[in-house]
Colleague: 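Sharing a structure with you now.
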Protein chains: 2
Amino acid sequence: MSRTVPEVKAYAGELNSTAASLLGFLHGGPASGYELVGIAEGLIGDFWSLTRSQVYRELATLSARGLITAGPVGPRARRRYELTETGRVAFAAWLAEPPGPEQIRYPLLLKLAFGSSIDRDTLRGYLVEHRVMHERRLKRYYDMADNIDDKLLRSTVRFGIHYERGVLAWMDEVAESLDVPDAEEG
Amino acid sequence: MSRTVPEVKAYAGELNSTAASLLGFLHGGPASGYELVGIAEGLIGDFWSLTRSQVYRELATLSARGLITAGPVGPRARRRYELTETGRVAFAAWLAEPPGPEQIRYPLLLKLAFGSSIDRDTLRGYLVEHRVMHERRLKRYYDMADNIDDKLLRSTVRFGIHYERGVLAWMDEVAESLDVPDAEEG
DNA sequence: ATAGCCATGTAACCAGTTACATGATTTC
DNA sequence: GAAATCATGTAACTGGTTACATGGCTAT
């Protein structure tokens with residue numbers, strides 16, 4: 001066995017994805033927690049939700065770890081955080097790790113799985129409610145895609161488009177199958 | 001304003017979806033935590049992940065709330081839980097609530113969003129890795145769909161099929177766009 | 001009969017959500 | 001200049017993940 005190397009220069013430790021994304025945004029210049037929430041919602045909110053509380057907590061620990069530094073306290077206790085060199089390194093290291101699998105939690109599917117205990121009209125109601133939501137999102141994604149210059153960022157919106165299309169097609173299929181009396185099933 | 005009714009017969013309080021699904025499974029007869037984890041993974045694991053620890057915790061609180069009752073302790077401290085009448089009511093109430101929106105967290109999208117800082121070959125690598133995973137899942141869903149009798153349960157698998165198809169189509173699109181030199185973009 | 005594996009559960013920790021607090025800005 | 005609104009942050013709680021503990025079963 002070759003000699004292990006216990007000392008890694010400027011090792012910054014593991015980063016969770018939320019913290020990493022904050023570092024990512026801070027590449028664009030210092031920002032406060034509140035501002036970061038806004039930026040994140042706009043850019044990654046559709047596939048990576050985060051809340052204010054989370055952001056503040058991450059900022060606190062990132063700061064304690066030296067990956068960012070807090071600027072002076074402004075009005076309403078606001079303070080902007082700035083990326084440090086170590087922070088840059090940590091972010092780059094995070095980017096270089098292969099991303100894990102996605103995680104989906106869809107309560108509608110859950111209720112559908114137990115659907116035999118629900119009456120059909122209630123189910124139909126759930127479906128149409130969600131359908132309008134998905135249609136709206138799809139429309140919004142189309143609009144967004146037209147206005148994004150960055151190729152890769154646009155590709156994340158393209159994901160949304162493919163996803164919503166798939167969901168809508170699925171919903172139509174389910175709605176149709178709900179209309180078939182049980183006796184006729186194949 | 002009509003007289004409010006402060007006493008709700010057998011009101012069982014709110015249920016989170018994970019707890020609710022346990023109640024759902026217990027309709028099929030008593031089961032232990034370990035068994036429930038297995039059942040859940042098989043039936044809803046693809047769109048509603050849960051872990052053993054979660055299950056045990058939920059069982060404990062469900063039991064404390066009287067929605068299930070614990071049977072005798074067997075080997076390895078195993079005990080089976082049984083649904084109570086209150087539990088049935090609570091489950092039905094949960095089913096009757098409209099389901100909330102889905103939640104997606106896809107680290108690949110996150111890294112893509114910051115993709116301008118990653119070199120293209122690394123990105124391509126991430127994509128192919130995930131692609132094989134999605135292909136495998138799609139294949140599995142096709143197999144599953146053929147063997148599920150329950151119409152609605154099958155429709156949840158159909159969701160998976162539509163979803164995976166969408167993801168694969170998206171991946172092909174992104175891969176193609178990665179091959180286009182940046183200068184040529186439209 | 002003992003070594004190793006599997007079934008089962010627990011504890012500690014980390015991430016995400018909800019609800020709250022409060023100090024600036026605007027508006028009339 | 002008081003009321004309403006918005007920006008900003010904090011605290012408490014719930015849900016999710018990782019790592020650990022251990023007793024029973026199987027095979028040789």
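Note that the structure is a prediction, hence the values are computed from the model and not measured. Protein chains get the first letters and strands the later ones, always in sequence-line order, with residue 1 at the start of each.
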Colleague: Pair Y106(A), F159(B) - check ring-ring contact (aromatic ring centres under 6.0 Å, His included), show working.
Modeller: CA-CA 11 Å; Y106(A) 201 164; F159(B) 176 90; 5.8 Å; yes

Colleague: With a 4.0 Å cut-off on N to O distance, would you call R131(B) and E135(B) a salt bridge?
Modeller: yes

Colleague: Would you mind checking if D143(A) and R140(A) are paired as a salt bridge, meaning a charged N to carboxylate O distance below 4.0 Å?
Modeller: no

Colleague: Under 6.0 Å between the ring centres of Y163(A) and F47(A)?
Modeller: no

Colleague: Nearest nucleotide by nearest heavy atom, which residue falls closer to the 5' end of DNA chain C, T18(A) or P75(A)?
Modeller: T18(A)

Colleague: Between F114(B) and F91(A), how do the two ring planes meet: parallel, tilted or perpendicular, split at 30° and 60°?
Modeller: perpendicular

Colleague: Over how many whole Å does the gap from L110(A) atom CG to dG15(D) atom P extend?
Modeller: 14 Å

Colleague: Can you check the N16(B) CG to dT18(C) P distance for me, whole Å?
Modeller: 12 Å

Colleague: What residues in residues 20-44 of chain A put a non-hydrogen atom under 4.0 Å from any atom of DNA chain D?
Modeller: G33(A), Y34(A)

Colleague: Can you pull out the residues from residues 50-62 of chain A that lie within a 4.0 Å heavy-atom distance of DNA chain C?
Modeller: T51(A), S53(A), Q54(A), R57(A)

Colleague: Choose from dA24(C), dT17(D), dG24(D) the nucleotide whose nearest atom is closest to any side-chain atom of R76(A).
Modeller: dA24(C)

Colleague: Distance check needed: dG15(D) P versus R105(B) CZ, whole Å only.
Modeller: 16 Å

Colleague: So, S155(A) and W170(B): side-chain donor and acceptor under 3.5 Å apart, yes or no?
Modeller: no

Colleague: Expressed as a whole number of angstroms, how long is the span from F47(A):CZ to dG16(C):C1'?
Modeller: 18 Å

Colleague: Using side-chain contact (heavy atoms from CB on, under 4.5 Å) as the criterion, list what pairs up with R76(B), not counting sequence neighbours.
Modeller: none

Colleague: With distance as the sole criterion, is a donor-acceptor pair present between the side chains of E173(A) and H162(B) under 3.5 Å?
Modeller: yes

